[in-house]
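Single-structure report; data block below.
Every heavy atom of this structure was used, including side-chain atoms; hydrogens, water molecules and symmetry mates were not.
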Amino acid sequence: MSDPRPLLLRRGPLLLTALLLCALPFYLDAFWLRIGLFSMAAAIGAVGLGLLSGTAGQLSLGHAFFLAVGAYGYVWLAGEPGPGLPPAVAAVLAVLLAGAAGGLFSPVAGRVKGIYLGVATLALVFLGHHVLLTADSVTGGFNGRSVPPLELGGFTFAESDPELTVLGVPFGAEERLWYLGLVLFAVTWFTARGLLRGRPGRALVALRDSETAASVMGVHVARYRSTAFVVSSMYAGLAGVLLALSFRRVVPDYFSLALSVDYLAMIVIGGLGSVAGATAGAVFVTALPLLMTRYADQLPLVAAPGSGGGSIGPTEASRYLYGAAIVLILLFAPDGLHGLARRTRARLRRRPSVTGPPGSGPSPAPGRAGSDAASDTTARAKEHTP
């Protein structure tokens with residue numbers, strides 16, 4: 001029977017992290033829970049973009065478009081005007097709708113690469129923003145639409161009457177959505193890691209490194225490129241649904257080119273091709289402007305939102321900061337925060353351990369005769385010639 005301790009040592013940090021995340025709603029107020037919700041939604045979308053750009057090597061500047069498809073798809077399918085479907089069904093269909101949108105664009109993604117694909121996906125953002133502003137009956141136009149709350153088995157992920165209380169803690173919309181976000185992020189985490197460790201992930205890495213070598217090994221280049229784009233679009237659609245539920249109102253201006261650039265910053269800072277890196281980058285890029293907005297009056301050179309005089313607002317200051325972070329990452333840690341953490345762990349493992357007090361020599365090898373052990377006392381450790 002194998003020793004269970006190595007497994008416990010490997011899974012211990014993950015279990016402790018999961019328990020900590022599950023306990024946070026009992027201690028944090030709504031502001032911190034909102035940061036966590038927005039970070040989880042961003043992490044889901046960043047994992048999808050990481051699979052596309054970091055693993056498959058396809059540049060995409062249209063990630064905001066697929067987030068908008070997921071968010072507005074859920075709002076229209078579950079709301080009025082709209083089909084008025086059950087919210088759970090509408091959420092699943094919104095993710096599939098984002099995947100279908102990616103499938104319609106996948107022939108382009110299967111044949112175009114590099115900066116040309118980036119420019120092609122950039123057109124999706126402007127086209128989608130125009131549709132969101134003009135299709136008033138579906139999107140609500142400039143003012144957007146309210147988001148119907150999600151319901152599962154009679155349980156509503158919103159404020160309820162009477163109020164739900166767990167262990168003396170009132171559970172409002174943020175607390176309920178927190179656990180929904182954890183479940184969705186866990187599904188994203190394990191499916192993406194399984195994809196990367198399986199045959200599709202190896203094929204995408206081979207495709208990124210060399211198309212010629214990948215095709216020689218039997219990888220269908222256009223098919224895998226298209227599949228990566230569809231899967232990334234579905235992750236973005238899921239992130240859009242969670243964002244819509246967290247914001248409770250969707251407006252077209254949020255899904256702009258700046259959002260696509262934010263997602264590129266997430267995967268570059270965290271580390272291309274890494275699920276954990278994409279998550280770390282998403283938390284950094286998402287939480288930084290919200291924290292700077294809250295503590296703007298305590299930060300130097302940063303003005304509170306709405307103050308004039310040409311001062312730097314928290315949103316602009318946060319963009320400067322993670323822009324500087326991108327430059328530092330590219331210069332000193334091209335594999336991102338995940339690679340930096342991996343190298344740090346490797347250095348810690350290689351640190352020499354203390355074997356005993358000074359002057360203590362190695363013990364004789366078991367099974368040797370006493371005379372043999374005595375003769376070995378004249379041996380000395382090898383020394384390098386200076």
Side-chain angles (χ1 to χ4, degrees), residues 34 37-38 41-42 44-45 48-49 60-105 119-151 156-159 173-174 177 181 232-264 286 289-290 293 305-306 313-316 319:
R34 288 192 199 102
L37 278 172
F38 298 152
I44 294 172
L49 185 60
S60 174
L61 293 174
H63 214 55
F65 170 80
F66 298 104
L67 271 89
V69 172
Y72 275 95
Y74 169 75
V75 171
W76 181 74
L77 289 170
E80 294 289 343
L85 299 176
V89 177
V92 175
L93 290 179
V95 175
L96 296 178
L97 183 63
L104 291 176
F105 192 80
V119 173
T121 54
L122 182 63
L124 289 176
V125 177
F126 297 112
L127 177 63
H129 190 261
H130 175 73
V131 172
L132 294 179
L133 290 175
T134 54
D136 296 348
S137 59
V138 176
T139 66
F142 179 79
N143 295 320
R145 288 184 59 170
S146 297
V147 179
L150 182 65
E151 295 183 9
T156 305
F157 291 88
E159 303 287 348
E174 285 77 16
L177 286 172
S232 175
S233 303
M234 294 180 69
Y235 278 120
L238 182 60
V241 172
L242 185 56
L243 273 176
L245 293 171
S246 304
F247 278 123
R248 304 177 197 172
R249 188 172 189 85
V250 288
V251 291
D253 285 347
Y254 178 76
F255 303 97
S256 62
L257 177 61
L259 184 62
S260 292
V261 174
D262 287 347
Y263 274 91
L264 283 177
T286 303
L290 298 174
T293 301
T315 303
E316 292 80 6
R319 292 187 185 277

Quick one, [X] and [Y] - any side-chain contact, counting heavy atoms below 4.5 Å?
X	Y	value
Tyr74	Pro87	yes
Trp76	Pro83	yes
His63	Ser232	yes
Pro81	Arg145	yes
Asp136	Phe142	no
Asn143	Val251	no
Val250	Tyr72	yes
Leu61	Val125	no

Flag, side chain of Thr139 to backbone of Leu132, donor-acceptor distance under 3.5 Å: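 At least one qualifying donor-acceptor pair exists.
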
Using modelled atom types and a 3.5 Å cut-off, is there a donor and acceptor pairing between side-chain atoms of Arg34 and backbone atoms of Glu174?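 Pair absent, no side-chain N/O of Arg34 close to backbone of Glu174.
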
Say you draw a straight line from [atom1] of [X] to [atom2] of [Y]; how long is it, rounded to the nearest 0.5 Å?
X	Y	atom1	atom2	answer
Leu96	Ser233	CG	OG	12.0 Å
Phe65	Thr121	CZ	OG1	11.0 Å
Leu242	Leu67	CG	CG	10.5 Å
His129	Thr134	NE2	OG1	10.5 Å
Phe255	Ser260	CZ	OG	11.0 Å
Met234	Phe66	CE	CZ	12.5 Å

Check whether the ring centres of Phe247 and Tyr254 lie less than 6.0 Å apart, and answer yes or no.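 Ring-ring flag for Phe247/Tyr254: true, centres closer than 6.0 Å.
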
Heavy-atom pair with the smallest gap, counting every atom of [X] and [Y]:
X	Y	answer
Leu37	Ser246	CB-OG, 3.8 Å
Ala41	Ala239	O-CB, 3.2 Å
Gly70	Ala94	O-CB, 3.4 Å
Ala158	Pro149	CB-CB, 3.7 Å
Ala98	Gly237	CB-CA, 3.6 Å

Set of residues satisfying salt bridge (charged side-chain N to carboxylate O under 4.0 Å, His left out) with respect to Arg319, sequence neighbours excluded: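 Partners of Arg319 under the salt bridge (charged side-chain N to carboxylate O under 4.0 Å, His left out) test: Asp262.
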
For Ser146, what residues pass the side chain to side chain donor-acceptor pair (under 3.5 Å) criterion, not counting sequence neighbours?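 Scan of Ser146 (side chain to side chain donor-acceptor pair (under 3.5 Å), adjacent residues dropped) gives Arg249.
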
